[in-house]
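Start at 1 with the first residue, then count along the sequence. Since the model is a prediction, treat every value here as computed from it, not as a measurement. Values below: every heavy atom of this structure, side chains too, minus hydrogens, waters and symmetry copies. Whatever order the structure lists ligands and atoms in, that order sets their numbers, starting from 1.
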Amino acid sequence: MGPLRAAAARGLRRGGGRRAASAAREGSKASAACGGRPAPPSALHLFGDPAEVEALRGSLLAWYDKCKRDLPWRALAVTEKDVNRRAYAVWVSEIMLQQTQVATVIDYYNRWMQKWPTLQALAEASLEEVNELWAGLGYYSRGKRLQEAARKVVSELAGQMPRTAEDLQKLLPGVGRYTAGAIASISYGQATGVVDGNVIRVLCRLRCIGADPSSPAVIDRLWAMANALVDGSRPGDFNQALMELGATVCTPKAPLCGECPVKQHCRARLRVEKELALASQKLLGKLPAVPDVEDCGVGGCPLCPPAAEPWDSSLGVTNFPRKAAKKQPRVEQTATCVLERRGCRGALEYLIVQRPSSGLLAGLWEFPSVPLAPGLQQEQQREVLLDHLQAWTGQPVPAGSLRFIGEVVHIFSHIHQTYVVYSLSLDGDVTLDLASCPSRWVTEEEFRASAVSTAMKKVLRACERQRGEESGRAKGSKRKRGAKPVGSTRPGTQLSLRTFLRAPNPP
Ligand code: SF4
Ligand SMILES: [Zn+2]
């Protein structure tokens, strides 16, 4: 949703009350602003019939009322009487749901709202507390920005949330066009549309939009469409219904068209039916009674699929939307050392250090780590890590005790990160330069409760697995040493076939 939302943040007049008749005009203006003056979109891509728009709204809302999932933020948006609290509750859910599945978010959301039920409570929290609660949810800057924005509302806006989508986007850091529209429509009933990944998919299918959905022309058209379609009397429900439809019925790979409440308005489905009819007529050697299915007929249409990508009958409605070209993630390697010692109560303790307060995983805790240049051999990687540990602890590190554990891969949104994991047991304490890098010793339990990333939890699991395997091997070899020699069965014990065959012959 991130890049699409960023692209979607382009300006377009809001128009919940505006209807389909004006949509084409809006589209022309938006496209003209991008340079050139392309032809207006064909009727294929528009909701040109007000009666159809009304019918679509009715069907979608009726389905939503019956089938919507029970989600904690939806309950709060309905029951919370205080408008600032209500907007805050929706805001938190929208930020958490960016890039994250609903099922994962629910538990985080409930804990967050329990701990910080108001903007004021969040504004008073420390970044450390925010990171601790956010740990495992990913994209950590979201929590940090949410808290910064809450502080701004409390200190600069007298605790009052901005009351329109435009002001929310303008005044709150980290709130883009989508989040602003969602908060304003759900919390304040402002008739403004939203465009997220789910909405893009549904609208592209409803109106056969096959051009790259991250292109400005398509994004402008989709925002115009969302603003034209939104139901003025229930904008929050309508927007949630459209997103819910994309999440549960009009899914990316296997849409349930048969169960879809708006299937009679779906032009992608219509196109599939036409293509099938055409194919079966051709198969029977008949002249087609239905004309060949073509794109919208507008030359150089910015909304149709590119000519180089013809209709693929095996894909059906999933021909729409076109998949946006994915940027390849950067490949990086980092050497990480799990430093451990026996604490004063005999429990195993690990050393964790805090990352800088800006950049990737800002403020989170991790095992001492150092980025590796590409192409280093294992021995060189080891040396880099030893140098790093030595510079940081200010004392020689027992190089012979540094054990290679293995590699742990973690995919961040834009980085394919491989952690080359080592472990090192220290006998006593080490003197650490706390000024240059905050650090602390933690037990396993404390580690899990700390603001550490999922990647670091994977690193610790790899170490524990290795330890488990080693102790298993040690036990196995002890058993082997103490094993009875073959054939030394007790009198009366039945021999297995293998043992019998290998047992010495009786004298
Ligand atoms: S009919 Fe199918 S493709 Fe069209 S909106 Fe419904 S689920 Fe999506
Ligand atoms: Zn077209």
Subject >> Nearest neighbour in protein (non-hydrogen) for atom 4 (Fe) of ligand 1 >> reply: C266 SG, 2.4 Å
**OP:** Would you please say whether a donor-acceptor pair under 3.5 Å links the side chains of Q98 and R142?
**Re:** no
Original post:
Of all the atoms in ligand 1, which lie at a distance below 4.0 Å from a heavy atom belonging to K263?
Top reply: 1 (S)
Subject >> Pairwise distance CG(L245) to SG(C67) - rounded to 0.5 angstrom >> reply: 10.0 Å
Original post:
Is there an N/O/S atom in C260 that lies less than 2.8 Å from atom 8 (Fe) of ligand 1?
Top reply: no
Original post:
Going by the atom numbers of ligand 1, which of them fall below 4.0 Å from some non-hydrogen atom of C257?
Top reply: 1 (S), 2 (Fe), 3 (S), 7 (S)
Subject >> ligand 1 versus A268: contacting region, heavy-atom distance under 4.0 Å >> reply: neither
Original post:
Cation over ring, R111 on Y109, under 6.0 Å and within 45°?
Top reply: no
Original post:
Nearest protein heavy-atom contact for atom 8 (Fe) of ligand 1: which residue, which atom, what distance?
Top reply: C250 SG, 2.4 Å
Original post:
Aromatic ring centroids of H410 and F412 under 6.0 Å?
Top reply: yes
**OP:** Identify, by atom number and element, the atoms of ligand 1 in contact range of R269, meaning under 4.0 Å from any of its heavy atoms.
**Re:** 1 (S)
Subject >> Step-by-step side chain to side chain contact (heavy atoms under 4.5 Å, CB included) determination, F320 to R207 >> reply: CA-CA 9 Å; F320 305 103; R207 283 302 174 263; over 6 Å; no
Original post:
Heavy-atom distance under 4.5 Å between the side chains of L168 and M161, does that happen here?
Top reply: yes
